[in-house]
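Chain naming here is simple, since letters A, B, ... match the order of the sequence lines and numbering starts at 1 in each.
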Amino acid sequence: MWGVNSSFMRYDFKAIEAKWQGYWAQAQTYKAEGPSDKPKYYVLDMFPYPSGAGLHVGHPLGYIASDIYARYKRLCGYNVLHPQGYDSFGLPAEQYAIETGQHPATTTEQNIQRYREQLDRLGFSFDWSCEVRTSDPDYFRWTQWIFLKLYDAWYDKTSDKARPVSELLEIFLKEGNSNLLASCDENTPVFSAQEWQAMDKDQQADILLKYRLTYLAETEVNWCPYLGTVLANDEIVNGLSERGGHPVVRKKMTQWIMRISAYAPRLLAGLDDIDWTFALKESQRNWIGKSVGALVHFEVKDSVHKVSVFTTRPDTIFGVSFVTLAPEHALVLELTTAEQRNAVLDYIQTTARRSERDRMADVKSISGVFTGSYVLHPFTKKPLPIWIGDYVLAGYGTGAVMAVPCGDQRDHDFAKFFELPIPNIFKGIDVEQEAFVEKAGFQIQNSDFLNDLDYASAMKVVIEHLESAEVGQGQTNFRLRDAVFSRQRYWGEPFPIYYVNGRPEPIDPKYLPIKLPQVDQYLPTEDGAPPLGRATQWAWDTAKKSVVDNSHIDHITVFPLELNTMPGWAGSAWYFFRYMDVQNDKEFASPAAMAYWKQVDLYIGGSEHATGHLLYSRFWTKFLYDLGIVPVDEPFKKLINQGMILGTSAFVHRVEGTATFLSKDQVKGEKTQLIHVDVNMVDASNQLNIEQFKNWRKDFSDATFVTNAQGQFVVEREVEKMSKSKYNVVNPDEICDQYGADSLRMYEMFLGPLEQAKPWNTAGISGVYNFLNKLWRLYIDDENNLKVTDAKASAASLKTLHKSIKKVKEDIEGFSFNTSVSTFMIAVNEFSAQSCNSKEVLEPLLILISPYAPHISEELWHRLGHNSSVTAQLFPKFDEGLLVEQTKVYPVSFNGKMRFTLELPLDLDATAIEQAVLKYDKTVAQLAGSVPKKVIIVPGKIINIVQ
RNA sequence: GCUCAAGUGGCGGAAUUGGUAGACGCGCUGGAUUCAAAAUCCAGUUCUUUCGGGAGUGUGGGUUCGAUUCCCACCUUGAGUACCA
């Protein structure tokens, strides 16, 4: 308690922060204006999933950065929308519900409150009046509404946009689908207008479903019967579930699928127009995976069948020596001859037993089997053997490849292994040992009409030949697969769908939202239906009404509702539009609000969403744009990925097999195990509080602790991901208690570049904490009186101020928040040294610092006598004339003679220039042997000095 | 394997278009203050040195009057992705 009485006053951050947080909330200081004449700026964070663990210091990093930017934009006169919400549907709440029987809504609500308390302490300028929660029926009503829009839409490749199904019906009615270019199921039959009209309602419905942007299809999934759910590939380890170690089987399930593949070309092209990092765009490009090539059809010898393959290298068509099908390929059994039948069946069985993951992991071993059949080369008509092999994936292209051993390493390996021919089509290149895979630096040989051509011309010529001979055509393939949209879970959005004779029917939008029914348990039912199957049909009031409404249904009770729920990404794929007009109960946002706010100008979040959320959001935005619902076709103009804040774990050395713990400096060759200890029991100099440790781990209360000569027990340190299980979590609440929110905000920015991963180290925070106290003492004396006067500022302090304004402005606009903290420190140190107490510089300084440390700035601003908020001010402008720096002389070689370039400020007169030159005469003389005789001034800052 | 990013003091990290490398902070050292501690303030802190200087931004080359910055090769680390025909 000595500190309170000491002559040096520390600023009372607790009182100040509480005071201004309350004031901002009450005055709604950060509420965005509605559509107005002011220029707008939309700053968005990726909204959090409210987990039970609460926030650790890593979570707010991006929020602090976006808050600084939002505050800066307000200071620049923008109407800023800076909202926050919760991605509140999710698996952990459901798992907790399964274990405890508590409704996920209850725990979610508790977690949200905890998050809100923690966020509020940090002084964010969020406009909470437009908070969204994805699990709120008033919100997911619109998620369901968008789903219905997708259900009621198809993709027209001719106009390259989505259109309503009603327009598709008109086309079918008039001309059938033979001229239609649309994204649809591969197995869609071709029909005329007459044939369409002759179909019954059910047949028509089945056809339409093949065109819808969300459709039902059977897909293979990883099913864990024990957990009663589908698992993602990375949730499986060695064929067992990661959680619990239960067996996982491949199972076919009918699921809702999103036809994102229809948008692949536009999702790729759109990347060129948005301001994202190269790395992030690159990972989306890879994910979309465009490859340009050709489809080639091979006739099967003595058969009506054809094998179609996709290849990116049709120029190597004369190098084909066999064709390989995936074991799952539809034609495999039909093409297998009687002699090969057993071998092929064996092979299919063996590969089926291996999971997809094993197959992918095991790249080196080569396996395959001959089917006994042959295809005919499209040009030479030479018979080529058909093989099956598991290096060909059923899911990509056509599930079949034309094997060119001289031009593809996998084909080469396969050919060598099974002693198949390796014809060489590359002139003068040896392909005996390995394939030649370059796309340049060769001329083609042994290839009929392609001889002597290079890659580019051969590609062009061969596609012309394929098309004129009607044995293939140029084609572009995408790797992007349609996205499975069904989850066998409880805590997600219900689908607005019911079934009539097994066919889906949409629920009328006027009955939305379809709320989650009450269930007795959150597990799947005994017969394997999703948890929603536990609810009685009539628990679904609104759904029931819709079924009753449907006039062509007679026996309402037999028509089941969709029991799956939507995946986590559904609610997050459009939430940025809802913030614009959150109270609206007629539309998800009004056209006026969307016309004003348009799109997110700055989006900050983690890069782990590169191929999930960020891709799906772009997909839904483009879709809504096609229907004229939203005015933009890209949701996020600029995107920044904040790096992770890592934890610094602490470990103790335990001598193996004993209960003896050694201080780090006492380990002398003993075999030790490292055991995690809670970082909160370790001080800044890496000393462990042994008593606390014994208390924490009762099983070690009798253990021996070997300390060093100073009686200290030193722990081992290591940087790891911050996580509860590693006991390295630092809670922002504790930092706020000890140093205040402004210190935490500044320190997180000061740690390093925003986009870089960096370790947390609580010890370093004293630097910014001391800085804020120095800042305080610049304005307030030890008797708590204002020191600031109306006196004119000195030239030196004005220069310091304007340098700082320029630097901070550049830093914020370039997202280099770390260096502006240094700038503040330098400014305050210089002002202290200059004994500066002029309002003229100290007022602008507060405005400058306010985005970083809003509480202390606001307090001092009011102490200076202002009634308004510091954030209502305008960001100060810097005076270029004050920013004159030192002069520099550099020698420049020109036409063999030595010339000198001198960087000088604009406002220097001739005498000053001469002085500047003389000041550097030593350098110049060293370089040129003498002092320059003549100084020539050219426009701008550059002055040439000629010998 | 492929793609991307990054290697600078004891540590986190600065350095504008190629122009005084190590800003700023932590830590450490010394001093002031204190009965003492905490806190605060001041000075020092890349290495090396015969105190003139010399070396130095992962390694080896190159371009340049001048390179942390640009080019080539290599090494290391991190992230993503994976039989995509």
Side-chain angles (χ1 to χ4, degrees), chain A residues 1-10 277-283 285-287 289-291 293 309-314 316 324 326 356 359-366 389-393 395-404 407-411 413-414 477-481 607-608 610-611 641 643-644 648 684-685 717 746-747 750-753 755-771 773-774 777 806-807 810 814 816 818-826 829 832 885-886 888-894 898-901 903 923 926-928:
Chain A
M1 293 302 103
W2 274 97
V4 179
N5 296 332
S6 75
S7 61
F8 161 61
M9 275 285 279
R10 289 191 164 272
T277 60
F278 179 80
L280 202 87
K281 285 187 185 183
E282 200 60 16
S283 74
R285 284 195 191 106
N286 287 338
W287 193 260
K290 181 178 177 174
S291 40
V309 304
F310 174 74
T311 176
T312 52
R313 296 297 302 277
T316 62
T324 314
E356 196 161 329
R359 265 169 76 176
M360 285 193 282
D362 181 18
V363 180
K364 282 175 200 77
S365 69
I366 295 164
D390 67 0
Y391 80 99
V392 180
L393 302 177
Y396 186 75
T398 61
V401 299
M402 59 177 222
V404 183
D408 182 284
Q409 195 54 46
R410 289 158 306 173
D411 296 343
D413 294 342
F414 197 85
N477 252 22
F478 291 92
R479 208 188 74 164
L480 185 67
R481 301 267 71 91
S607 58
E608 67 272 21
T611 51
N641 294 125
M644 209 190 307
T648 311
S685 55
R717 289 283 196 172
M746 283 203 130
Y747 186 52
F750 187 64
L751 275 177
E755 307 191 54
Q756 192 177 301
K758 45 210 171 277
W760 177 266
N761 173 17
T762 303
I765 200 170
S766 63
V768 288
Y769 180 57
N770 287 341
F771 157 75
N773 280 297
K774 273 187 213 168
R777 291 200 313 270
K806 183 166 191 270
K807 184 76 170 74
E810 283 168 1
S816 308
N818 52 331
T819 48
S820 35
V821 180
S822 302
T823 307
F824 296 139
M825 290 174 172
I826 295 166
N829 281 340
S832 302
E885 270 308 316
Q886 70 196 72
K888 299 174 182 179
V889 184
Y890 311 111
V892 171
S893 177
F894 182 73
M898 205 63 125
R899 292 175 67 189
F900 297 88
T901 302
E903 277 183 22
T923 322
Q926 256 178 4
L927 289 160

Practice problem: Return no unless some side-chain N or O of A:Q756 is found under 4.0 Å from OP1 or OP2 of B:A6. | Solution: no

Atom CZ of A:F771 and atom P of B:U40 are separated, to the nearest Å, by 15 Å

Among B:U3, B:A85, B:G12, the one nearest any side-chain atom of A:N286 is B:U3

Open item on the list: Strictly distance-based, threshold 3.5 Å: is any side-chain N or O of A:T648 a donor or acceptor partner for the main-chain N or O of A:W760?
Closed with: yes

To the nearest angstrom, the CG-P distance between A:L280 and B:U3 comes to 19 Å

Sticking with atom P, work out how far B:U29 lies from B:A39, rounded to a whole angstrom. 14 Å

So do the side chains of A:M825 and A:V768 get within less than 4.5 Å of each other, counting heavy atoms only?
yes

Rounded to whole Å, the CG-P distance (A:D411 to B:C84) equals 10 Å

chi for B:G44 classified (syn = within 90 degrees of 0, anti otherwise) as anti

Side-chain donor or acceptor of A:K758 paired with backbone N/O of A:P753 under 3.5 Å:
yes

Among the nucleotides B:A85, B:G13, B:G80, whichever has the atom closest to the side chain of A:S283 is B:G80

Comparing nearest nucleotides in RNA chain B, the 5'-proximal residue of the pair A:A279, A:K758 is A:A279

Once base and sugar-phosphate atoms are separated, protein heavy atoms under 4.0 Å mark nucleotides 22-27 of chain B, 5' to 3', with B, S and - as -BBSS-

Whole-Å C1' distance, B:U57 and B:A23
15 Å

Item to complete: Taking atom P in both B:U3 and B:A73, compute the distance separating them and give it to the nearest angstrom.
Response: 12 Å

When A:T324, A:D408, A:L393 are each screened for side-chain contact (heavy atoms from CB on, under 4.5 Å) with A:V401, the one that passes is A:T324

field: Side chain to side chain, A:Y747 and A:V821, heavy atoms closer than 4.5 Å
entry: no

Taking only the P atom of each, what is the distance from B:A15 to B:C83 in whole angstrom? 41 Å

**Prompt:** Within the pair A:R479 and B:A85, is there a side-chain N or O less than 4.0 Å away from OP1 or OP2?
**Reply:** no

| message | Roughly how many Å apart are B:G54 and B:U40, using the P atom of each and rounding to a whole number? | response | 40 Å

- request: Answer yes or no: is there an ion pair linking A:E810 with A:K807, defined by an N-O contact shorter than 4.0 Å?
  value: no

Q. For atom P, what is the distance between B:G80 and B:U16, given to the nearest Å?
A. 30 Å

For this session: Answer yes or no: does atom NZ of A:K290 have more than 12 heavy-atom neighbours from other residues, nucleotides or ligands under 6.0 Å?
Result: no

Per the glycosidic torsion and the 90° limit around 0, nucleotide B:G12 is anti

Whole-Å distance, A:Y396 OH to B:A82 P, equals 14 Å

(Q) Work out how far the C1' atom of B:U68 is from that of B:G18, and round it to whole angstrom. (A) 11 Å

In terms of the angle between their ring planes, are A:F824 and A:F771 parallel, tilted or perpendicular, with boundaries placed at 30° and 60°?
parallel

* Distance between C1' atoms of B:G66 and B:A21 (Å, rounded) -> 14 Å

Walking RNA chain B from its 5' end, the first of A:E282 and A:W287 to be reached, judged by nearest nucleotide, is A:E282

Rounded to whole Å, CG of A:N477 lies from C1' of B:A85 at a distance of 10 Å

